[in-house]
Amino acid sequence: MEATGVRRRRQASQAMRHSYAFSNLCGNVYRQGNVVFTRDGGTLFSPHRAARVSPDGGLLLTVDEGGYALLVHVPKRTVRATPAIERTFTPFNLHRTHSGHMDDITAVSWSADSAYFVTGSKDLFTVHRRTGYVPPTLGGHRSALVGAWFDRSRQLLYTVTRDGAMLVWARYEQEAAAVAAVARGKRKLAADELLATAELLATAELLATAGATDELAGAESALTMERWELHTKHLFERTHGSVSSVAHCSRAARALAAGAPSGADVAVGSELVAIGFSSGAFTLCEMPGFVQVHSLSISDEHVTTSAINGSGEWLAFGCAAHGQLIVWEWASETYVLKQQGHFASEVNALAFSAAGAVIATGGNDAKVKLWDASSGFCVVTFTEHAAPVTGLAFVPHGRAFVSSSLDGTARAFDLVRYRNFQTFATPTPAQLTCVAVDTSGEVVTAGSLDTLCVYVWSTQSAQLVEQLSGHAKPIAALAFGGGSGSLLASAAWDGTVRLWDFVATKARSDVLKHSTDVLAIAFSPDGQTLCASTLDGALTFWDVAMAEQVGMIDGRKDIAGGKRRAGQPSAQNDISGLSFRTLSFSADGELLLAAGNSKYACMYDVRNRSLLKRYQLSHNVSLDGVLDRLHSGRLTDGGDVDLIDDEDDETMRARRGKGDWALPGVKQGEHSNWTTRRAVRATSIQFAPDGTAWAAATTEGLAIYSLDEGLLFDPTALDVDVTPASIRAALHERDFVRALLMALRLHEADVLHWTFEAIPLDDIDLVARQVPQMHLARLLQHVAAEVGSSVHLAYVLRWAGALMREHSSHIQQNTGTCLASLRALQKGVQSHYDGLRRLSSNNTHMLDFLCALGPSEL
C-alpha cells in the first residue's frame, strides 16, 4: 500500500507539472470603451467595449466588441448570466425597447431613485423615460452629446456636448388637472400656467383626441406632469479642443463612500465633473457653480474615457490611441497608476530575467518594456531604438539584457540604472532579426535580414569581432548551447541550421539540413539537444555532438484550430501553412513549448515526443482565428459583415491610425481594405527559469501562465477522518500539529484560516518545527497571504520567522518551489514597512510636541 501511495503521488506530481493556468495579461490595460471604479474605489475595470458596476458593487455588466453581454459576480469572479444566444439556464430576457432617437445613442444614465433614465445621442436631443410616461425631448444642443446625467435630487439635469458646452436643465412640476382642463376645453390657462411646455400640451391633446376622458379624470389626483427648462449654459475653453469624455460624482455619493451615514446632511446638489478633451487634457469642475478645480494635460491624443472613484479622490482616464490608462490623484497631483503597453503594434520578442522576476518585451513600436512578473505592471520603457525590436536576450548574471532591431543596431541595457550603456553597430547598414548572448556574457551575436550574415561583438568594447557568413537566405533565429555553452546555432530560411564553435581549437561549422525553411530553434538546458521548427509544421530534434537527427514531431494537426474570416468557408480548418514560430525548453529539459500562427500553444513531452496539452492563448472572438466555426448568417455579397468598416466615430478613427495608407503587400497598418481584423498568434514564447510559469507574446499582449498552487488537490492525502469537525476536535485537544496538517490536506481556505489563527503564540515554534517538508510550500503561501490581509501582523510575522529558521536548508535547496511564496511574503512585509514609515515620518513633529508637553499640559 505504501508503494502504491508513493506511485500515485509521483503520478499526481507529474500531472501537475504541466497544469499551468492563465494568471495575467500585461500590456493590454486599456483598448477602448469606458473604465469604471467599484464602489469602494479600490478596483478599476477596463473592458473591451463597455462596463458598469451595480450600486452595491456585487455585479459587473460588460459588453464586448461583438455586442455580447456578460453578468459577472465580482467577489467570486464568475459569470452569472449571458444573453440567450443558445439554451442556457440563466439567460438575459429583453424587457422593453425604447425608441425616439434618430441616431446613435452616446450616453445613458439613471436617476438616483431609479425612476428615470436619460439618454443622449448624436441627433442633438436628450430623452428621459419611465414606464407609462411620455418623455420630453430637450433640444438646443449644437453638436452630439457626450454625457448626460441627473443630480442627486433629480431637480437638475446636466448635458455635455462635443463642442465644449455644458447645459444645466431645471425641473418644474405641474399638476395634471391643469393639462386635463385644457383638453376638455373648460377654461383657459392662467398666466402662470402659460409656462407649460409644448410637450405637456401635446400630451393632453393626444389624450383628448383619443377620447380618454376617464383616464384623464382618474389621473388628475395622482399624475404630476413636469417640464424641463434650460437653466444655465457653460462653455469650456476652446484651446482644449472638443470634448471626448465626461465623468461625474455627486457629493452625497462621496460622503457615503467616505463612511458617512445614509441620513447625513450633505449638499446633494454638488457635483464633481471630469471632462476629457481631444487635446489630451482634462478639466475637473464642481457644479452647479462651474468652478474649475483642477486641469492637466496627460497625453498628446484625445482622452477616450473618464471615471471618478466613489470618494472623488482618484480620476481614471483612458487613451485609446496609445492604449494608455492613468489613475490620477488630483489633490496631491500624483500618479496612482500610469500604464501603457505595445498597444498600436505587436509584441515581437520577450525574455525572462535570470531570477524570473522581470520580463522584457520588444514591439513594432520600437520600444522595449520591462514588466514586473508578479504585479504585471510596466516598470520602465526604453525608447532608444528607431525601428521595430526583433529580439531580446538577458545576460546570464541578470543585471543587463540586449535587444536587436531593424534599425541596424543591437543595444545593451542596464537593469540597475535603467540606461542604454552599450550600442553594437554593423559595418554596413543591415536589419537585425534576432540576438543571442553566450553563457559568459562576453559575446553578443545578431543575425541580419538583408546581408545574410551573423555579427559577433565583444560586450565590453562593443567592437565587431567576427562576421559569419554562409547562409543563402535571411537568418531567423540564433541560440547558444553545447556542453560549454560556446556553440552558436544559426537558423535561416534556406532550410539549414549552422553550428559555430568559438572555443574549439579546430574550427567547426556543421550544417543541419531540413526540407524547408527553418523558423525557430532552441537548445535544451544541457546544450546537447537542438530543436528546430520548420515551415511545414515539423519539430526536428538533433544531437549536436554527433550532428544527427534523433527525433521529429509533426505538429500541423496540433496547432490547427480557428477559422479565418478571409479564408474559404469550409467545414474543415485549413492546416496548410501552419507552423511553429517560437520554441522554448523547460528548465529540466523534459518539456517543450511551441507556438506560432494559431490560437494554441502546444506543450510536448520531449522524451516521448508526444503532445501533453494545448493552451488556447485567447478567447477574444473579435480576433480572427479564435472561432472554430464562422456564422454563415454574417456573410453577404460584399463579404463578411465584420470586415466592413462602418465606424465613423472619432475614437475608432484614432484607434485605427492616422490615416496613412500602406503600400500593397504591407500587413502592419494596412488600410487598403475596408477594415483590418487582427489575427490571433504568438510571436515569442519562453519558460521562466524556475519552471513555475511561462509567457507568450500574443496579439493581445504579454500572456503569463503559471502553476496555480491554490487549485492543486491531492486526494491521496485524504481519508474519512479529515473533516472540519475532526479539525476542531484536534484543536480542542490541543493537538495543533495534527489539526494544521489536516487543514493543509483538506485544502479549504476558510478552514485553514481559522485553524492557523487558533494555534497559540507560544506554540508556533514547536508546530513550525514539526511541519513536513511536503506541506511547507503550501503553508508559506498561506502565511504570505495572511501578511497582506490579516490584522494580527505580529502573529503572522512570528510564523514567518519560525518557518524560516526551522526549514532554512530545505528552502535554499528548493528555491524554485518556494520562490513565489517568498516573493509574496517579502512584498507584503515591504508594504507594511512603507506604510509605517510614511505614518511615522508624517507625525514626527507631532510626536516631538507631545513628548515635550508636561503631564499637566496633556
Side-chain angles (χ1 to χ4, degrees), residues 1-17 19 692 707-825 828-829:
M1 290 296 294
E2 184 177 356
T4 303
V6 172
R7 185 169 61 255
R8 288 180 179 177
R9 287 187 175 89
R10 184 181 297 112
Q11 293 175 353
S13 176
Q14 293 176 355
M16 291 185 295
R17 290 184 64 250
S19 60
T692 59
L707 291 174
D708 191 355
E709 298 181 359
L711 298 178
L712 301 184
F713 178 73
D714 187 6
T716 61
L718 292 179
D719 53 41
V720 294
D721 296 331
V722 180
T723 61
S726 61
I727 295 174
R728 293 185 185 274
L731 291 175
H732 182 72
E733 297 172 0
R734 300 187 63 82
D735 192 351
F736 302 117
V737 176
R738 186 165 65 92
L740 181 61
L741 292 181
M742 285 193 296
L744 290 171
R745 291 171 181 172
L746 192 60
H747 215 289
E748 289 286 343
D750 296 337
V751 176
L752 181 58
H753 174 74
W754 53 258
T755 305
F756 177 80
E757 292 190 343
I759 300 175
L761 184 65
D762 297 334
D763 295 336
I764 289 179
D765 294 336
L766 179 61
V767 175
R769 188 180 302 116
Q770 300 182 51
V771 173
Q773 294 180 351
M774 61 179 297
H775 295 296
L776 181 60
R778 175 75 179 96
L779 185 56
L780 278 175
Q781 181 184 5
H782 179 74
V783 172
E786 290 288 334
V787 169
S789 60
S790 177
V791 296
H792 309 293
L793 182 60
Y795 178 83
V796 178
L797 292 179
R798 178 73 174 270
W799 263 105
L803 292 174
M804 297 294 180
R805 289 191 302 270
E806 301 297 337
H807 303 277
S808 58
S809 59
H810 175 77
I811 293 175
Q812 291 178 357
Q813 295 174 4
N814 299 272
T815 307
T817 305
C818 305
L819 188 60
S821 301
L822 294 176
R823 287 176 181 168
L825 181 61
V829 174

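Count residues from 1 along the sequence. In this text the structure is predicted, and so the values were computed from the model without any measurement.
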For [X] and [Y], work out which heavy atoms get closest and say how close.
X	Y	result
Phe736	Ala758	CE2-O, 4.1 Å
Val783	Ala800	CG1-CB, 4.0 Å
Leu803	Ile811	O-CD1, 4.3 Å
Thr755	Ala739	CG2-O, 3.7 Å
Met742	Ser726	CE-O, 3.7 Å

*State the CG-CZ distance between Asp763 and Arg769, to the nearest 0.5 angstrom.*
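Reported value, rounded in 0.5 Å steps: 11.0 Å.
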*Identify, with sequence neighbours excluded, every residue that meets ring-ring contact (aromatic ring centres under 6.0 Å, His included) alongside Phe756.*
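Partners of Phe756 under the ring-ring contact (aromatic ring centres under 6.0 Å, His included) test: His782, Tyr795, Trp799.
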Side chains of [X] and [Y]: closer than 4.5 Å at any heavy-atom pair?
X	Y	answer
Ile727	Arg745	no
His807	Leu779	no
Leu752	Leu740	yes

Using side-chain contact (heavy atoms from CB on, under 4.5 Å) as the criterion, list what pairs up with [X], not counting sequence neighbours.
X	value
Ser790	Glu757, Glu786, His792, Val796
Ala802	Ile764, Asp765, Ala768, Arg805
Glu748	Leu746, Val751

_Under the criterion side-chain contact (heavy atoms from CB on, under 4.5 Å), I'd like the reasoning laid out for Leu822 against Met804: C-alpha separation, chi angles, the key distance, then a yes or no._
CA-CA 10 Å; Leu822 294 176; Met804 297 294 180; 3.2 Å; yes
*Apply salt bridge (charged side-chain N to carboxylate O under 4.0 Å, His left out) to Arg738 and list each qualifying residue two or more places apart in sequence or on a separate chain.*
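Glu733, Asp735.
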